[in-house]
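This report refers to the structure that appears directly beneath it.
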Protein chains: 2
Amino acid sequence: MPGGPHGRFGAGRGMGRGPAGPMFLQACLLVLLHKGKSYGYSLAQDLKQFGFDPARIDISIIYRALRGLEMQGLVETAWDENSLGPQRRMYEITPQGEAVLSAWMQNLHQRKLEIEALESVYDEVTNRHP
Amino acid sequence: MPGGPHGRFGAGRGMGRGPAGPMFLQACLLVLLHKGKSYGYSLAQDLKQFGFDPARIDISIIYRALRGLEMQGLVETAWDENSLGPQRRMYEITPQGEAVLSAWMQNLHQRKLEIEALESVYDEVTNRHP
DNA sequence: ATAACTATTGACATTTTGTCTATAGACAAT
DNA sequence: ATTGTCTATAGACAAAATGTCAATAGTTAT
């Protein structure tokens, strides 16, 4: 990936058969909210731990992903009454979100196994002729 | 992934900045050819080890991926003079293909690490409240 | 003739991702 | 008042991996 930390998995019909395809970004956001409720710009910063570069990620795609999650009922939102500065919209995962996230984690785990299978075959051949 | 063994990673601008994006299918095919030269229908069968279901994968997308690899100079092809049955077009990885595959493997490895990071955070929160 | 095997290509469609454009408010510092 | 930081968004355009479906046609063996 010459682009670096951008672009996890991309699109395609195979990626999501239903309306709630396992977008990597949405999965990352749900995991962060699984950890605790949060708001847009904070979530964007926290994506750092999953390889995203906060300085380079476009905030509009974060909100787009959050909007998608909300429309799917996987998160619910409310205005934070306690913030001192600019208004903050808090996002919180729903029980449905938790259930879907659990399924997504399984799928991602399967993705990982498939990568490992590929690596295994590749390394096996590569190391066979040192 | 409700679709099961289909659809590895999908598309998107971030997936490939250049013309040779790291398609999972192309990577799988290159690994198989890294192992030894082969032909279309055999490759399709061999994809089984990476989670693809041979009964369900459409052969046209195999040839499309192979065509892409050939156009990128990552494989070269020649008619097999020895086959008894139908004509076979043998595909063989080029040195350039080897170099690109090596880079793709690194990228896929990075993908795996990112999934692991996600799993780590998810499990940490999940197991914290048993 | 039928089946298995083999070689292809292209059109249509879907979906995640990225870039860019645009708007606007709440506070704090100058 | 101006500027900066922080915060909330939405939408249009574009790219690209993936899947479905349709189509063609040859080589063997049964």
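Quantities reported herein were computed from a predicted structural model and do not represent experimental measurements. Throughout, protein chains are lettered first and strands after them, A, B, ... in sequence-line order, and every chain is numbered starting at 1.
- One atom, CG of A:Leu25, and another, C1' of C:dT15, lie 14 Å apart when rounded to the nearest Å.
- A stacked arrangement is not assigned to B:Tyr63 and the six-membered base ring of C:dT8, the conditions of a centre distance below 5.5 Å and an interplanar angle below 30° not being jointly met.
- B:Leu43 has its CG atom 15 Å from the C1' atom of C:dC5, to the nearest Å.
- Between A:Glu124 and B:Lys35 there is no salt bridge, since none of the side-chain N atoms of the basic residue sits less than 4.0 Å from a carboxylate O of the acidic one.
- Checking B:Tyr39 against B:Arg64, the closest nucleotide of DNA chain C that is more toward the 5' end is the one next to B:Tyr39.
- Nearest heavy atoms, B:Tyr122 versus A:Val31: N-CG1, 3.9 Å.
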Under 3.5 Å, side-chain donor or acceptor atoms of residues 61-68 of chain A against the rest of the protein: list the pairs with distances, not counting sequence neighbours.
none

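- To the nearest angstrom, P of C:dT16 lies 18 Å from CD of B:Glu114.
- Remark: A:Ser120 pairs with no residue by the side-chain contact (heavy atoms from CB on, under 4.5 Å) rule, at least two apart or across chains.
- Residues that satisfy the side-chain contact (heavy atoms from CB on, under 4.5 Å) test with B:Ser60, not counting sequence neighbours, are B:Asp58.
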Seminar exercise, completed: Heavy-atom contacts, protein to nucleotides 25-30 of chain C, under 4.0 Å, summarised as B (base), S (sugar-phosphate only) or - (none) per nt, yield BBS---
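- When distances are taken from the side chain of A:Phe24 to each of C:dA7, C:dT17, D:dT7, the shortest belongs to C:dT17.
- As rounded to whole Å, 15 Å separates atom P of C:dT16 from atom CD1 of A:Ile62.
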I'd like a table of atom pairs between the protein and nucleotides 21-25 of chain D - only N or O on both sides, under 3.5 Å - with the distance next to each one.
residue	atom	partner	partner atom	Å
D:dC21	N4	B:Ser60	OG	2.8

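- Between the OH atom of A:Tyr41 and the C1' atom of D:dT5 there is a distance of 11 Å, rounded to whole Å.
- Here D:dG26 presents its P atom at 13 Å from CH2 of B:Trp79, a figure rounded to the nearest Å.
- For B:Gln110, the side-chain contact (heavy atoms from CB on, under 4.5 Å) partners are B:Leu113, B:Glu114, not counting sequence neighbours.
- B:Thr94 pairs by the side-chain contact (heavy atoms from CB on, under 4.5 Å) definition with B:Glu76, B:Gln96, not counting sequence neighbours.
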Return all side-chain donor-acceptor pairs below 3.5 angstrom for residues 38-46 of chain A, not counting sequence neighbours, or 'none' if the list is empty.
residue	atom	partner	partner atom	Å
A:Ser38	OG	A:Ser42	OG	3.4
A:Tyr39	OH	A:Arg88	NH2	3.1

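- Side-chain N/O atoms of B:Arg89 include none lying less than 4.0 angstrom from OP1 or OP2 on C:dA7.
- In this entry the distance linking CD of A:Gln72 with C1' of C:dT15 reads 13 Å, nearest Å.
- Straight-line distance from the CD atom of A:Glu81 to the C1' atom of D:dA8: 15 Å, rounded to whole Å.
- At C:dT8, one or more side-chain N or O atoms of B:Tyr91 fall inside 4.0 Å of OP1 or OP2 (strictly under the cut-off).
- Remark: A:Glu70 pairs with no residue by the salt bridge (charged side-chain N to carboxylate O under 4.0 Å, His left out) rule, at least two apart or across chains.
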